[in-house]
Amino acid sequence: MPLLGFGTWRLRGSAGYEAILGALQVGYRHLDTATMYGNEAEVGHALRDSGLDRGEVFITTKLPPGKAGQERKTLCASLRALGTRYVDLWLVHWPPPPRALAPVWREFLALRDEGLTRAVGVSNYSIAQIDTLIKATGAAPAVNQIPWSPAQYDEAVLEESRERGVTLEGYSPLKGTDLGHPVLTAIAEKHQVTPAQVVLRWHLEHGIAVIPKSERPERIVANFDVLSFSLDPDEVARIDRLSRR
Ligand SMILES: NC(=O)c1ccc[n+]([C@@H]2O[C@H](COP(=O)([O-])OP(=O)(O)OC[C@H]3O[C@@H](n4cnc5c(N)ncnc54)[C@H](OP(=O)(O)O)[C@@H]3O)[C@@H](O)[C@H]2O)c1
């Protein structure tokens, strides 16, 4: 999974299609969608029009809350909307009620074994909920997609995820951040980049996947342009200390 991806929540219709196609043209090779976003058709359309091979782009989609028990039907509908035979990662969008945690996860593993998705994971799960899945099936989610930003940095969650072999994927990295914070603006100035770029780069320094969304062409470009500079350990630690946890 490319650590830097493109978030697509709220990108719908022709403007959404244009933003997603623009992201692929800029170089993003990881698109994050969900049944709930109502834009899988736009993602599929942009992918086909990009001229890229299916295998070059990592696609994540998600099972909506309330669809527990309808896993196969829902994933097949996603594949039809996306116009693809498989997705790269399928996530449980939100934890179902406790008694459904393990049954939903067993269905996910079965559909992965059939090849409809290359990997399976979860979103918005606690470590305790992940442990329930591991205890029931012996299989940990490949990914847990959760809100993450400097203010939400939580070293314990990062460590406990790693111990279980779960990759953290952060969402709402920019929305959750005060981009005017003096620590971020000082580091940005030093590297001649923007505070938003510093925040995205900080995720990568931690090995955390990050999926910023934008519908503005200049931001789509800037958010991808975070591979040409790096943060030193002291800068990373200063940003970690912005955590409010
Ligand atoms: N699993 C879940 O439950 C869950 C929940 C939320 C989100 N997600 C996923 O995570 C993705 C990202 O999260 P998000 O969309 O909530 O938030 P985000 O990517 O942190 O922020 C998006 C907002 O920030 C603005 N923005 C983008 N680039 C910027 C920049 N360089 N400088 C300043 N502002 C910038 C965007 O406006 P413009 O578009 O006008 O640029 C938009 O208002 C979503 O699109 C979705 O794929 C998953």
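Nothing here was measured: the structure is a model prediction, and the numbers come from that model. Just follow the structure's listing: the first ligand is 1, and inside any ligand the first atom is 1.
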query = Looking only at side chains, do Asn124 and Tyr171 share a donor and an acceptor under 3.5 Å apart?
reply = yes
For Thr132 and Gln129, does a side-chain donor sit closer than 3.5 Å to a side-chain acceptor?
no
Notebook entry, point to check: If you measure from the Lys or Arg side-chain nitrogens to the Asp or Glu carboxylate oxygens, is any gap between Asp88 and Arg54 under 4.0 Å?
Noted result: yes
Given the options Lys62, Glu42, Arg12, Tyr37 meets side chain to side chain donor-acceptor pair (under 3.5 Å) only with Lys62
Exercise. Judged by modelled atom types alone, do Ser78 and Thr35 share a side-chain donor-acceptor pair under 3.5 Å?
Worked result: yes
The answer, listing residues by chain and number that come under 4.0 Å of ligand 1 through any heavy atom, is Gly7, Thr8, Trp9, Asp32, Tyr37, Lys62, His93, Trp94, Ser123, Asn124, Gln145, Tyr171, Ser172, Pro173, Leu174, Lys175, Leu179, Ala196, Ile211, Pro212, Lys213, Ser214, Glu215, Arg216, Arg219, Asn223
- Query: For residues Ser243 and Gln152, is any side-chain donor paired with an opposing acceptor at under 3.5 Å?
  - Reply: no
